[in-house]
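Throughout, a chain's letter reflects where its sequence line sits, starting with A, and its residues are numbered from 1.
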Amino acid sequence: MTIAETTVRETGQDFIRDIVRADLASGRHKTIVTRFPPEPNGYLHIGHAKSICLNFGIAEEFGGRCHLRFDDTNPIKEEQEYIEAIKQDVRWLGFDWGEHLYHASDYFEQLYAWAEHLIRAGKAYVDDQTQEEMRATRGTLTEAGTESPYRRRSVAENLDLFRRMRAGEFPNGARVLRAKIDMASGNINLRDPVLYRILHAEHPRTGRAWCIYPSYDFAHGQSDAIEGITHSICTLEFEDHRPLYDWLLDSLPVPSHPHQYEFARLNLTYTVLSKRVLTELVRGGHVTGWDDPRMPTLAGLRRRGVPPTAIRDFVKRIGVAKANSIVDMAMLEFSIREHLNKTARRRMAVLRPLKVVIENYPEGANEEVEALNHPDDPAAGTRRVPFGRELFIEHDDFLENPPKKFFRLAPGREVRLRYAYFITCREVIKNSAGEVTELRCSYDPATKGGNAPDGRKVQATLHWVSAKDSRPAEVRLYNPLFTRPDPNAGSFAADLNSNSLEVLVAVRVEPALFNARAGEAVQFERQGYFCRDSDSTPERLVFNRTVGLRDTWAKVGKSNT
RNA sequence: UGGGGCGUAGCCAAGUGGUAAGGCAGCGGAUUUUGAUUCCGCCAUGCGGAGGUUCGAAUCCUCCCGCCCCAGCCA
């Protein structure tokens, strides 16, 4: 493959970018304008990240622009809190809408005028049927619907009624404005869809100015047209709304006629990406909030320590297509580890401490060893780590009766303490329950720094902390929120993982971690990537495990037992 | 049984008539003061199935099978 071809691949190749490229080449468009149009009724999640990266990414790559537009047409569900959170999350992901921040509600007056235009053209009418009557007359998937008795109202009567709807003369649900299309269409979206409904409700932006609100279908395409969007990209479930999208634009004196393209939304194993379910997880107290580190929300991923670049890399890797799919969580984890491996400073922390006393180490001696901050990046420098007669090592790193391929500490066996000395286990101390509580070891002063002058080798290198110089901390380990790779969104409660949070309260961390900054990723050597949680106080450090390291031994160990 | 889509490896995904990219996972091996990282190698005689067209088919045609979406005054 030539360098040129490689470059093309790197920019990301998918059917939408193919269309954009072709539209540019043919001169159909001079500049590309896309938009990311969230409804402010919840927090953004990683599925939205796919859409954000697609829309802003295309704008970036082709020298166009991408608008951030809040699709705020349903005041009952929307809140200002969500608007602010969404803006923060898009920025965090690394995208900038510049001056192009819009709201569908900015266009309410224009949209209203276009509704009257449709009425005058005989293409819309006020329907007095109840919601139940409308449902009954819509027909079914296989049978045509029947026309409303109000469908043949005069233009004058429709106009009068619609104006009175706007004026607030009628209660919620009394009447709607409907497009007059085709009650027998195979496409149910074309069976006289509702364009406006009466909603006496406070809107986060327009307050009480309106008591009728446009439906998604009436607002979306026209908003696109007003903003000069060239490519209106949405998910697959809107595919059969496209004929309606086009019908409206063709029927109205809009300034442009954008085109809608659909792609498959993201699904992730062991995860649910449905705003309804995420909202229920929060409201039902199954998680601590929208930013709970177990949540697939951008706020949750951020708090967990996932870098935005890892999310962008992940999105690039999964591609954009029209086939429904479920992406393996391992792909996301790979992108996170890949980024963190390059950037995170290395530190030592013992998650489940086991005391080690070095019997031949001088009582009361003070010593520090020099440790690398990053093994592959000399520029990251080194730090001093206090060593001492009493240490903690990981409980998992000792086994009294080690199986065949266990390389770590065992009675009589010698291992290396990273950056320090070789030690040998001399004695195992147990409590009355027979549990190992302490190890008595000896060290070889000649191995300082971690190498034996006589060239002898050890099979394992362990992380450790000094007992008196380390501090206690809390560590939160996260597991998937769901027990099944494909949890049922309809009855998610049954698939909830009761072990999604594991709290370790007796963790010991080295001094370099005492001042860890919130949001700064560190690697706890041999454990994984962590970051200080916002729950931390000066007295009590709390760390989140972002993701563990790949653990080949865990697999070997499992198949061994 | 209506309309709209989609089926390429365990999971994503390129491919648009010239003989199946890439990534993740997995499996071997080398290096290693993280059982990490890094590096090397392996992993679809096959593209939902059956026919057909063609010198040649994942790509074109026919029929069949499977999966997803649509019957909100949600988006």
(request) Select base, sugar-phosphate, or nothing to describe what I318(A) touches, counting heavy atoms under 4.0 Å on all strands. (result) sugar-phosphate
(request) Scan residues 176-196 of chain A against RNA chain B and write down, sorted by residue number, each residue with any heavy atom closer than 4.0 Å; if none is found, say none. (result) V176(A), G186(A), N187(A), I188(A), V194(A)
(request) Say whether E133(A) and Q131(A), considering side chains only, have a donor N or O and an acceptor N or O under 3.5 Å apart. (result) no
(message) Checking side-chain polar atoms at under 3.5 Å, does E510(A) have a donor or acceptor matched by the opposite partner on S470(A)?
(response) no
(request) Would you kindly say whether H463(A) and E525(A) are connected by a side-chain donor-acceptor distance under 3.5 Å? (result) no
(request) Could you tell me whether G22(B) is syn or anti, where syn means a glycosidic angle within 90 degrees of zero? (result) anti
(message) Measuring from the side chain of R135(A) (C-beta onward, heavy atoms only), which nucleotide among U34(B), G35(B), G72(B) has the closest atom?
(response) G72(B)
(message) Please give me the minimum heavy-atom distance between Y43(A) and D89(A), naming the atom from each residue.
(response) CD2-OD2, 4.4 Å
(request) Measure the distance from CG on D377(A) to P on U37(B) and round it to the nearest whole Å. (result) 18 Å
(request) Check side-chain contact (heavy atoms from CB on, under 4.5 Å) between R456(A) and all other residues, then give those that pass, not counting sequence neighbours. (result) E414(A), F422(A), D444(A), T447(A), A452(A), D454(A)
(request) Give one of base, sugar-phosphate or nothing for P375(A), where a contact means two heavy atoms less than 4.0 Å apart. (result) base
(message) Can you build the contact string for nucleotides 23-30 of chain B? Use B for base contact, S for sugar-phosphate-only contact, and - for no protein heavy atom under 4.0 Å.
(response) BSSS----
(request) Let me know the distance between OH of Y419(A) and C1' of A36(B), rounded to the nearest Å. (result) 12 Å
(request) Starting from the 5' end of RNA chain B, give me the residue, F15(A) or N74(A), whose nearest nucleotide shows up first. (result) F15(A)
(request) For H220(A), answer base if it contacts any base atom (sugar-phosphate contacts may also be present), sugar-phosphate if it contacts only those atoms, and nothing otherwise; contact means non-hydrogen atoms under 4.0 Å. (result) nothing
(request) Report the base-pairing partner of G66(B) (Watson-Crick or G-U wobble, both distances below 3.5 angstrom), or none. (result) C6(B)
(request) Not counting sequence neighbours, list each pair that qualifies as a salt bridge (charged side-chain N to carboxylate O under 4.0 Å, His left out) and has a residue in residues 179-197 of chain A. (result) R151(A)-D192(A)
(message) Suppose we screen for side-chain hydrogen bond (donor to acceptor under 3.5 Å, both in side chains). Which residues come up paired with W114(A), at least two apart in sequence or across chains?
(response) Q110(A)
(request) Would you indicate what V320(A) reaches in the nucleic acid, counting non-hydrogen atoms under 4.0 angstrom: base, sugar-phosphate, or nothing? (result) sugar-phosphate
(request) Return the nucleotide paired to A20(B): Watson-Crick means purine N1 to pyrimidine N3 with N6-O4 or O6-N4, wobble means G-U with N1-O2 and O6-N3, both under 3.5 Å. (result) none
(message) Side chain of I326(A) only, heavy atoms from C-beta on: which candidate in A36(B), C12(B), U34(B) is closest?
(response) C12(B)
(request) Quick one: label Q523(A) by what it contacts on the DNA or RNA (base, sugar-phosphate, nothing), any heavy atom closer than 4.0 Å. (result) base
(message) With the stacking rule set at 5.5 Å and 30°, tell me whether Y216(A) counts as stacking on A75(B).
(response) no
(request) Identify which nucleotide among G35(B), C12(B), G4(B) has an atom closest to any side-chain atom of E239(A), counting heavy atoms from C-beta outward. (result) G4(B)
(request) Check the side chains of H339(A) and D313(A) for a donor-acceptor pair under 3.5 angstrom, ignoring hydrogens and angles. (result) no
(message) Could you work out, with ring pair (Phe, Tyr, Trp, His ring centres under 6.0 Å) as the rule, every residue matching F387(A), not counting sequence neighbours?
(response) Y361(A), Y421(A), W464(A)
